[in-house]
2 protein chains.
Amino acid sequence: MNKKVLYKGCLEPILLKLLHENGRMYGYEITRKVKELTVGELNITEGALYPLLHRLEADGVLEAEMENIGNRVRKYYSLTQNGRKEKVKAVSELENFAKTLQLLLNPKPSF
Amino acid sequence: MNKKVLYKGCLEPILLKLLHENGRMYGYEITRKVKELTVGELNITEGALYPLLHRLEADGVLEAEMENIGNRVRKYYSLTQNGRKEKVKAVSELENFAKTLQLLLNPKPSF
DNA sequence: TGATTATATATAAGATTCTTATGTATATTT
DNA sequence: AAATATACATAAGAATCTTATATATAATCA
């Protein structure tokens with residue numbers, strides 16, 4: 001498991017990107033998908049995920065629909081129209097961040 | 001300027017890496033160097049930097065020496081022996097983080 | 001010459017985003 | 001029957017920043 005503090009702020013863009021790619025997902029599914037994509041490196045905690053999902057829904061970035069699976073309830077989330085704009089912005093910020101990190105980790109030699 | 005929250009936790013490894021590469025640096029110099037390396041993207045604030053330098057000195061990761069430049073005082077920091085170990089660990093964590101970010105931003109296609 | 005910007009360090013209050021812990025409940029595997 | 005997996009939810013507290021403020025010298029600009 002990676003040093004967790006480094007991931008601070010990454011959850012939102014990651015979430016929006018996943019929802020963009022998969023159409024709709026529910027919370028638990030998101031935690032599994034992130035773990036799979038990162039080969040076990042990043043485990044999203046419920047204490048971080050659910051409050052974020054609720055906040056993004058309240059902000060009109062996400063919309064939710066409940067679905068009954070047997071006796072259990074799943075809450076599927078998808079991007080709203082505004083959410084798709086937010087996704088572009090958030091992912092672009094994360095990409096920019098990743099590039100800047102590379103500049104620091106592997107500086108271009110100055111001739 | 002990048003979304004600042006994403007950089008949370010990155011300052012310490014960046015700092016240790018810079019001190020490793022440059023031998024000794026003072027606070028203001030560090031802020032200029034980071035700005036230069038990141039082409040203006042990352043501006044370290046004093047409110048983040050100085051308390052971190054003090055904490056790392058108190059923890060025996062850094063050692064400081066004052067130097068008089070004209071009528072001004074500079075505080076040069078360098079890695080202690082333990083600091084060099086910490087540097088290896090911290091930078092390796094940051095590199096691992098950067099790789100994991102890449103997995104999320106550019107997932108390997110699953111065949 | 002006076003004002004602004006750059007150099008240089010320092011600290012305190014508050015914001016944000018997480019972690020950890022806890023709670024509830026059903027389904028599946030051992 | 002017990003443990004693990006699935007599924008959602010929230011509250012308290014930790015960590016690391018940002019923003020603002022303070023102090024002081026040096027250099028540049030108008």
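Residue numbering restarts at 1 for every chain, and letters A, B, ... go by the order of the sequence lines.
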What is the distance, to the nearest angstrom, from the [atom1] atom on [X] to the [atom2] atom on [N]?
X	N	atom1	atom2	value
B/Lys4	C/dT17	NZ	P	14 Å
B/Leu53	D/dC17	CG	C1'	15 Å
A/Leu42	C/dT17	CG	C1'	14 Å
A/Ile30	D/dA5	CD1	P	20 Å
B/Leu6	D/dA15	CG	P	21 Å
B/Tyr50	C/dA12	OH	C1'	16 Å
B/Met66	C/dT7	CE	P	20 Å
A/Glu12	C/dC18	CD	C1'	13 Å

Proximity to the side chain of [X] - top-ranked nucleotide from [options]:
X	options	result
B/Tyr28	C/dA27, C/dT11, C/dA6	C/dA6
A/Tyr77	D/dT18, C/dA6, D/dA9	D/dA9
A/Val5	C/dT9, D/dT16, D/dA26	D/dT16
B/Arg55	C/dT17, D/dT16, C/dT20	D/dT16
A/Ala48	C/dA27, D/dT10, C/dC18	C/dC18

Backbone N/O of [Y] and side chain of [X]: donor-acceptor pair under 3.5 Å:
X	Y	answer
B/His54	B/Tyr50	yes
B/Asn96	B/Ser92	no
A/Thr100	B/Thr38	no

Check whether any side-chain N or O of [X] sits under 4.0 Å from OP1 or OP2 of [N], and answer yes or no.
X	N	answer
B/His54	C/dT9	no
A/Lys75	D/dA9	yes
A/Lys8	C/dT19	no
A/Arg32	D/dA5	no
B/Tyr26	C/dA8	yes

(request) Would you mind telling me which residue lines up with the more 5' stretch of DNA chain C, A/Asn71 or A/Leu49, judged by nearest nucleotide? (result) A/Leu49
(request) Verify the ring-centre separation between B/Tyr26 and B/Tyr77: is it less than 6.0 angstrom? (result) no
By the 4.0 Å heavy-atom rule, please label [X] as base, sugar-phosphate, or nothing.
X	answer
B/Gly47	base
B/Glu46	base
B/Ile69	nothing
B/Arg74	sugar-phosphate
A/Leu52	nothing

(request) Between A/Pro51 and A/Arg72, name the one whose nearest nucleotide on DNA chain D is closer to the 5' end. (result) A/Arg72
(request) Using the closest heavy atom to pick a nucleotide of DNA chain D for each, name whichever of B/Leu11 or A/Glu29 lands nearer the 5' end. (result) A/Glu29
(request) Return the angle between end axes of the helix from C/dT1-D/dA30 to C/dT30-D/dA1, with five pairs used per end and rounding to 10°. (result) 30°
(request) Please say which of A/Lys35, A/Glu29, A/Glu36 ends up in a side chain to side chain contact (heavy atoms under 4.5 Å, CB included) with A/Arg32. (result) A/Lys35
Salt bridge check: are [X] and [Y] linked by an N-O gap of less than 4.0 Å?
X	Y	value
B/Glu12	B/Arg55	yes
B/Lys17	B/Glu21	yes
B/Arg24	B/Glu67	yes

(message) What I'd like to find out is whether the side chain of A/Thr45 reaches to under 4.5 Å of the side chain of A/Thr31, using heavy atoms alone.
(response) no
